[in-house]
Amino acid sequence: MRKLDRLLFISLTLGAMNLAAQQSNIYTHDLVDYQKALSLYKDKQYQAAQILFDKVKSANNSSEVKADCAYYSANCAIRLEQSGADQMMENFVENYPTSTKQNQAYIEVAHYYFEQANYVQALKWFDKVDENAMTLSDKERYNFQKGYCYFTAKNKKEAEKYFNKVANSKEYGSQAKYYLGYMAYETDNYKDATQYFDQVADKDKYKEKMSYFQADMNFKLGNFQKAIDLGIPQLSKSDANEKSELSKIIGESYFNLKQYDKALPYLTEYKGKKGKWNNTDFYQLGYAYYKAGDYENAIAQFNKIINGQDAVAQNAYYHLAESYLKTDKKQQALNAFKNASEMEFDAKIQEDAYLNYAKLSYDIGNPYQSVPEVLMGYLNKYPNTSYKAEIESLLINSYITSKNYKEALVLLEKSKTPENKLAYQKVTFYRGLELYTDGNYNEALALFKKSIAEQRDAKFTTRAIFWKAETEYVLGQFGDALISFKQFLGNAEAKNTPEYKNANYDLAYTYFKQKEYEQAAKYFQEYINIAKDDKVRLNDAYLRMADCYFVTTKYWPAMEAYNKAIELKSVDADYAYFQKAISYGFVSRNDKKVEELNAFLKAYPKSKYADDALYEMGNTYVTLNNTEKALQAYDRLIADYKDSSYSAKAILRQGLIYYNAEKDEQALAKLKKVVAEYPRSQEAMEAVSTARLIYVDSGKVDEYASWVRTLDFVDVTDADLDKTSYEAAEKQYLQNNLKQAISGFTSYLASFPNGISALKANFYLAQAYFAEGLGSNAVPNYEYVIGKSRNEFTEQSLARLSEIHLKKNDYAKAIPVLKRLETEADFPQNVTFAQSNLMKSYYEQKDYPNAVIYADKVLANTKIEDRIKSDAQIIVARSAIKSNDEVKAKAAYAKLLTIAKGELAAEALYYDAYFKNKDGKFEASNTAVQKLAKDYSGYKYFGAKGLVIMAKNFYGLKDSFQATYILESVIKNFSNYQDVVEEAKKELDFIKSEEAKRNSSITN
């Protein structure tokens, strides 16, 4: 369409004004000033003329003269653009109704405003004119000018009415036909437009403009070659705006004639409507580049088509996808094919796009659906496709290659056809591994059994047997695990599996758990014989083998094995050294035992076994009758390890040494110290018994009685009843009759709350409750135990009590218990348990600094499993994210990526993509998202978040189509994850607002 400012303005010449009204001879001589004013008016000296006209009007009494002067003065005011000029003319008409100049006044003012291009004002005065009082020539001029005023006001109906009145006028006819033709052109009435334009085609002043109109009309009528022939010559004569429009007409005409190489230079010259292109513009240029084999430029144009929902958009997205394939951008091609396949404007394009979408999904993975779902979707929609066999083959393979075992298993369970049996065996195996990694052991075991039952691939059958054994072991089914491990090792395929290298180690541990120590030692040795790079397992195998020899009294082989562990300088070297030292005592080498214990204390002064060593040293000196050194060893233990479980025993031992040496006062001092510092402990009971003997021997029974009455845990009169009641309950507990044991211990504690065995009764009652799944009931009993001085049950009670609180997510109660367990535990496993759960508890309470402190402690332990390492790294990473410390988070997620499996690996990959996007590494970030989509498609949440990152990457790479399409897909497909959808909407709004600045087809 042509705008008004592009039209050729046809200048009009006003007719000579009738300024020489007939004057009566009577005035000619007398009105010199009037004539002079009239002369000035004709010379356009309006200011001077107006002054004289006003002067004459004031001095002359003739109404006719006054009327003429008022008429000319008002005309002067209008031409001088004086304020109130319109009103002056209105006053003239009102004051001199009989003046012959009244109608002429309206005409003259209208003509004046018309010449000034003030068409609104001109139309106002034209409307006042009496047409019947006009001459023919004045009427033609009047009709044309009034028609033109309506034309500029966009009043087509009225404009046509007045132009048609002068269409045959000699003076105004050509101009009128030109404007009538233009109005027909504007309303797409090309037939009338052509007729009108043909009638003025020989007029040079219209010819140039009409060439443009005719080129446009021929283009719209489908006469493309004629449009080109008319348009090209006009280019050099056009202004910038018209040149842009003509370039579009010529370029699109060549495009429609399939002469794409010729279309390109013209299409690129188009500047758009108000500087913006629409989707069709981008499509045509993109397709022209596509046909020319310039795929990068084709992509650059196609991917600007956003929100397209028509046949043009479907075609564009299909060819965009093909262009991506030509440039090896498969992920981008997948999205474009998916978009084209979801549009129904062209069924052939839709089907072909779906086929390519399905094949690409198999090739590179799919972030929106599992690959099997995509392939099945294609087969369901096009059951008679000629590609059926190929797609069915891909479907079977996709169950494995997509690694989306969870969804693949659902599909396979529905279709257990013979040709899918092998895929079913593999999928059940891999899904079993995922569940095992996530700690869902019972579900994992069921799947491993299903995999074994298929017997399609010997290697997978063998591997499934191994993992069945591993799962049974974790579940405490050691008998079944033993059978499964033996079955694995007896399988001919076992040596060809990655699991074989650790099988003897795992079998040895299974024997170890069943206390079959000779068999355990044998298989630990088998593992050692082939162990290579796994230093942690090798060290552990030496230790456990040594322990097996130790338990079976084979002390010399035990010492050899402990020496091997010491040589490896692992974190457990202190344990091996200690065990080796005490082994000398069992082969009657007590001097050597003492020597090794002293060496141990020098080598490992901060070892957890230092208090054990001192206690053993003291006992050994007693055996060697060196009581002085024994007392020194016990003193050192008591001084340096006050909270040790051996402290009470050491003091009691000192008391017994003094007692045996008949140093009764010293003995009593030690025994009473035991009772005072460790009341109700087993050592306190023994101390009371020994003290009784001293008092009885010395005849100080009254002193004994007085002392004993101060002890709230000793009831001399009820001692036998106490003992009997406790032993009855303990018997049921030892026979694993837990319900009866609970009843017995409850009854005992009710009768003897501070009884001799109150400590043991509380502990065993708590254990029974815990075993029966009544953790809450066990809490007060465990709290009783840990509330007493350090004893043999303290560590296990701390562990159990913290476990109960953790199961209820009561982190406030769990944390203080775990902190005690961390500092008081003798067993490294309990320290690890405490630290790892403190890490999690602090994180859940949003105490991120402490969470990180404990995560670092966990990571410092080189013996922990990868699963616990993953937990620690994720706590560090998440805490850093929550604390806005992205530098630390980036490092933590990078470490996590090297060890994590399952969902944690998906999370780590997401953040790998996230940080690469932040660094502007868009291609590398997309690679991470693609890996996330392909290898961890089962974890939809991080898959969805990864897609948002991918969209940001594509926008950073100036691929608007990919960015918006991905975001729209996230919003459509992941409504379960509201936070992700909100992020996607926010990013989509931003991109659309930016793209709308150049694409008129985009609306927010």
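None of the values given here were measured: they were computed from a predicted structure. The first residue in the sequence is number 1, and the count goes up from there.
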Please tell me if the side chains of [X] and [Y] come closer than 4.5 Å, counting only heavy atoms from C-beta onward.
{"X": "Tyr634", "Y": "Leu614", "result": "no"}
{"X": "Tyr854", "Y": "Ser836", "result": "no"}
{"X": "Leu652", "Y": "Lys649", "result": "no"}
{"X": "Gln682", "Y": "Lys760", "result": "yes"}
{"X": "Glu472", "Y": "Tyr441", "result": "no"}

query: Has the side chain of Thr690 got a donor or acceptor atom that lies under 3.5 Å from a matching backbone atom of Ala687?
result: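 No, the answer is negative, given that no donor and acceptor are paired below the 3.5 Å cut-off.
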Is a donor on one side and an acceptor on the other found under 3.5 Å between the side chain of Thr823 and the backbone of Lys819?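 Yes.
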Taking all non-hydrogen atoms of both residues into account, name the closest pair between [X] and [Y] and its distance.
{"X": "Glu616", "Y": "Ile582", "answer": "CG-CG2, 3.8 Å"}
{"X": "Ala729", "Y": "Gly744", "answer": "CB-C, 3.5 Å"}
{"X": "Ala855", "Y": "Ala872", "answer": "CB-O, 3.6 Å"}
{"X": "Ala481", "Y": "Tyr473", "answer": "CB-N, 3.7 Å"}

Just checking [X] against [Y], ring centres under 6.0 Å apart?
{"X": "Phe550", "Y": "Phe586", "value": "yes"}
{"X": "Tyr562", "Y": "Tyr577", "value": "no"}
{"X": "Tyr505", "Y": "Tyr509", "value": "yes"}
{"X": "Tyr604", "Y": "Tyr609", "value": "no"}

Using 30° and 60° as the class limits, which term best fits the ring planes of Tyr517 and Phe512: parallel, tilted or perpendicular?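 Aromatic pair Tyr517/Phe512 classed perpendicular.
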Quiz item: With respect to Glu824, which candidate in Asn830, Ile786, Leu798 satisfies the side-chain contact (heavy atoms from CB on, under 4.5 Å) definition?
Solution: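 Per the side-chain contact (heavy atoms from CB on, under 4.5 Å) rule, the option paired with Glu824 is Leu798, out of Asn830, Ile786, Leu798.
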In Å, rounded to the nearest 0.5 Å, how long is the span from [atom1] of [X] to [atom2] of [Y]?
{"X": "Tyr621", "Y": "Lys629", "atom1": "OH", "atom2": "NZ", "value": "4.5 Å"}
{"X": "Tyr726", "Y": "Tyr733", "atom1": "OH", "atom2": "OH", "value": "9.5 Å"}
{"X": "Ile528", "Y": "Asn539", "atom1": "CD1", "atom2": "CG", "value": "9.5 Å"}
{"X": "Asp612", "Y": "Tyr575", "atom1": "CG", "atom2": "OH", "value": "10.5 Å"}
{"X": "Ile875", "Y": "Ile853", "atom1": "CD1", "atom2": "CD1", "value": "13.5 Å"}
{"X": "Gln632", "Y": "Asn626", "atom1": "CD", "atom2": "CG", "value": "8.0 Å"}

For this session: May I ask you to check whether over 12 heavy atoms, not counting those of Lys608, lie within 6.0 Å of atom NZ?
Result: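 For Lys608, atom NZ is crowded (more than 12 foreign heavy atoms under 6.0 Å).
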Neighbour count >12 (heavy atoms, 6.0 Å) for atom CD, Glu772: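 Atom CD in Glu772 is packed in, count exceeds 12.
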Donor on one side chain, acceptor on other, Thr620 and Lys593, under 3.5 Å:
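Short answer, yes.
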Polar side chain donor-acceptor pair, Gln767 to Tyr782, under 3.5 angstrom: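 Yes, because at least one side-chain N or O of Gln767 sits under 3.5 Å from a partner of the opposite role on Tyr782.
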Contacts under 3.5 angstrom, residues 660-679 side chains, donor-acceptor by atom type, not counting sequence neighbours:
unit_1, atom_1, unit_2, atom_2, d
Asn660, ND2, Leu656, O, 3.1
Lys670, NZ, Gln654, OE1, 2.9
Lys672, NZ, Tyr695, OH, 2.7

Open item on the list: Could you walk me through whether Arg544 and Asp547 satisfy the salt bridge (charged side-chain N to carboxylate O under 4.0 Å, His left out) test, starting with their C-alpha distance in whole Å, then the side-chain angles of each, then the deciding distance to 0.1 Å, before giving a yes or no?
Closed with: CA-CA 5 Å; Arg544 297 293 81 81; Asp547 289 342; 2.9 Å; yes
